[in-house]
There are 2 protein chains.
Amino acid sequence: MHSAYAGEVSEEIRSRAERKERTRQRLLDVTLRLIADRSLSSLSLREVAREAGIVPTAFYRHYASMDALGVDLVDDSMRPLRQMIRDARRGRTAHGDIIVETVAVLAKQVRDHPDQFRFLTRERYGGVGPVRRAIATELKLFTSELTVDLARLTTGFDWSADDLEMAASLMVGAMLSTVMDLLETDERHPEDVHAILDKAERQLRMIALGMGQWRSKP
Amino acid sequence: MHSAYAGEVSEEIRSRAERKERTRQRLLDVTLRLIADRSLSSLSLREVAREAGIVPTAFYRHYASMDALGVDLVDDSMRPLRQMIRDARRGRTAHGDIIVETVAVLAKQVRDHPDQFRFLTRERYGGVGPVRRAIATELKLFTSELTVDLARLTTGFDWSADDLEMAASLMVGAMLSTVMDLLETDERHPEDVHAILDKAERQLRMIALGMGQWRSKP
DNA sequence: TAAATGAGTGAACAGACGTGCACTCAAATT
DNA sequence: AATTTGAGTGCACGTCTGTTCACTCATTTA
């Protein structure tokens with residue numbers, strides 16, 4: 001619980017700005033941890049402050065409200081998703097099945113950052129206005145990244161921009177469903193996880209088959 | 001606001017059980033209305049009671065907690081979805097495009113029962129445990145209904161049960177995404193609604209194309 | 001007709017909440 | 001070395017919460 005050498009293991013903190021940043025990060029971390037099985041709106045400012053080891057009023061030195069913290073948390077939680085795109089693109093250049101690689105990357109990111117993904121999927125529609133809009137914006141960005149990738153894969157088939165976006169959002173939707181299924185699965189049942197990932201692969205493969213047959217309206 | 005003839009327009013209520021049922025229904029109605037832009041967990045028992053015109057303690061005559069009310073509300077909100085299946089099946093027997101009919105039915109149900117759909121999509125992942133599980137159960141039922149329909153349409157192509165379920169859940173996912181998009185769209189912009197429905201049609205059509213190419217593993 | 005039932009009342013409680021205000025006291029600035 | 005800054009403190013407030021308890025009184029039951 002407490003290491004006698006903790007103070008010597010971690011770097012010394014002298015700067016005031018640095019201390020503030022630490023506290024801010026701590027606020028984000030405990031919030032993410034606390035909403036593992038509840039919604040952000042059911043979380044009180046006092047509870048977050050208490051868990052972060054500061055007095056309620058000190059919270060205001062960092063955020064004007066819990067909503068503001070929530071919006072900030074969206075940025076923070078999007079990092080694993082952005083990393084996912086980079087990893088997936090790297091996997092693409094290597095030999096092997098694109099779909100298998102993509103699902104594998106997805107599974108790894110969800111396994112490594114469950115709280116972030118839980119927050120995003122939970123608050124995507126269930127959250128309060130500002131948070132919901134922030135997530136919608138980021139996911140639209142994510143979808144348009146995928147649209148770019150799809151455009152590269154469909155050169156010569158004259159897909160319309162609208163159809164590319166349609167296909168991309170279908171894929172993103174399937175992937176988000178997969179994420180939520182993964183998060184609701186007890187990780188001590190590896191066969192369940194495998195079934196979910198297998199289903200995700202088949203779904204993406206079926207969409208790919210559909211794309212192969214698709215012809216955009218002129 | 002108040003009609004002088006209100007008492008004469010509606011039926012007289014004498015039975016006690018009937019009065020209780022009215023109050024219960026009123027609790028469900030005001031709850032559905034109040035969470036139009038918030039989550040169920042951010043709603044207080046007192047607020048619901050106040051809006052329903054009863055004293056807080058009278059709430060307990062109907063439900064042991066807000067969670068219990070939430071679970072009951074899932075049943076209530078599922079009615080439009082069940083109606084949707086029936087309507088879609090009826091549309092199927094008539095001449096015309098299955099997909100166009102299905103999307104039209106979906107659009108109509110969402111337009112007629114926005115609060116119910118909002119509740120379901122909001123609390124599906126964002127909600128508290130019991131409500132989330134209740135919704136998951138009902139949606140699984142919905143998906144298996146669709147699986148049955150798909151089985152009928154794919155006779156002779158020896159699809160495995162697993163693959164049928166995979167395709168059905170892909171479709172359900174696309175439809176739920178459509179629902180959420182519809183709910184977030186200002187209904188005073190009919191062209192936005194049209195764009196969303198058009199996208200939904202194309203997505204379902206693309207899945208259908210994929211299914212045409214699909215061969216289940218033996 | 002008399003008794004039992006049960007939906008709804010009203011006061012009271014202990015606890016949690018958000019936020020205002022005056023404060024401390026290192027670190028940063030001058 | 002003297003001054004300013006600002007993250008974090010401690011207290012106080014008014015409000016809202018869930019839940020308890022003893023109650024009323026119309027409807028139902030016996």
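Convention: sequence-line order gives letters A, B, ...; per-chain numbering from 1. All heavy atoms count here, side chains included; hydrogens, waters and symmetry mates do not. Keep in mind that this is a model prediction, so the values were computed, not measured.
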Check your understanding: Starting at the 5' end of DNA chain C, which residue's closest nucleotide do you reach first, A17(A) or S44(A)?
Key ->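 Between the two, 5'-proximity favours S44(A).
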Whole-Å distance between [N] [atom2] and [X] [atom1]?
{"X": "Y60(A)", "N": "dT9(D)", "atom1": "OH", "atom2": "C1'", "answer": "15 Å"}
{"X": "F59(A)", "N": "dG20(C)", "atom1": "CZ", "atom2": "C1'", "answer": "16 Å"}
{"X": "E18(A)", "N": "dA28(C)", "atom1": "CD", "atom2": "C1'", "answer": "15 Å"}
{"X": "Y63(A)", "N": "dG8(D)", "atom1": "OH", "atom2": "C1'", "answer": "16 Å"}
{"X": "E51(A)", "N": "dC17(C)", "atom1": "CD", "atom2": "P", "answer": "12 Å"}
{"X": "R50(A)", "N": "dT9(D)", "atom1": "CZ", "atom2": "P", "answer": "14 Å"}

Practice prompt. Taking side-chain hydrogen bond (donor to acceptor under 3.5 Å, both in side chains) as the test, write out the residues that go with D112(A), two or more places apart.
Written response: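 D112(A): side-chain hydrogen bond (donor to acceptor under 3.5 Å, both in side chains) contacts with K108(A).
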side-chain hydrogen bond (donor to acceptor under 3.5 Å, both in side chains) filter on Q83(B), not counting sequence neighbours, yields R86(B), D87(B)
Considering just the side-chain nitrogens and oxygens of R46(A), establish if one lies under 4.0 Å of OP1 or OP2 belonging to dG15(C). no
Inspect the surroundings of CD in E187(A) and state if more than 12 heavy atoms from other residues, nucleotides or ligands are less than 6.0 Å away.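 Check fails, neighbour count at 12 or below.
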Going by atom type alone, with no hydrogens or angles, which donor-acceptor pairs under 3.5 Å involve a side-chain atom of residues 167-179 of chain B and a protein atom two or more places apart or on another chain?
residue : atom : partner : partner atom : Å
S169(B) : OG   : K199(A) : NZ           : 3.3
S169(B) : OG   : Q203(A) : NE2          : 3.0
S169(B) : OG   : E165(B) : O            : 3.4
S169(B) : OG   : M166(B) : O            : 3.2
S177(B) : OG   : G173(B) : O            : 3.3
T178(B) : OG1  : A174(B) : O            : 2.8

* Contact class for R24(B) vs. all strands (heavy atom < 4.0 Å): base, sugar-phosphate, or nothing? ->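 Since no nucleic acid heavy atom lies under 4.0 Å of R24(B), the category is nothing.
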Expected list for residues 47-61 of chain A: side-chain donor-acceptor pairs under 3.5 angstrom, two or more places apart:
residue : atom : partner : partner atom : Å
E47(A)  : OE1  : R38(A)  : NH2          : 3.2
E47(A)  : OE2  : R38(A)  : NH1          : 3.1
E51(A)  : OE2  : R33(A)  : NH2          : 3.1

Whether each nucleotide of nucleotides 1-8 of chain C has a protein heavy atom under 4.0 Å at its base (B), only at its sugar-phosphate (S) or at neither (-) is summarised, 5' to 3', as ----BBBB
Going by atom type alone, with no hydrogens or angles, which donor-acceptor pairs under 3.5 Å involve a side-chain atom of residues 123-135 of chain A and a protein atom two or more places apart or on another chain?
residue : atom : partner : partner atom : Å
E123(A) : OE2  : L40(A)  : N            : 3.0
R132(A) : NE   : E184(B) : OE2          : 3.2
R132(A) : NH1  : G127(A) : O            : 3.1

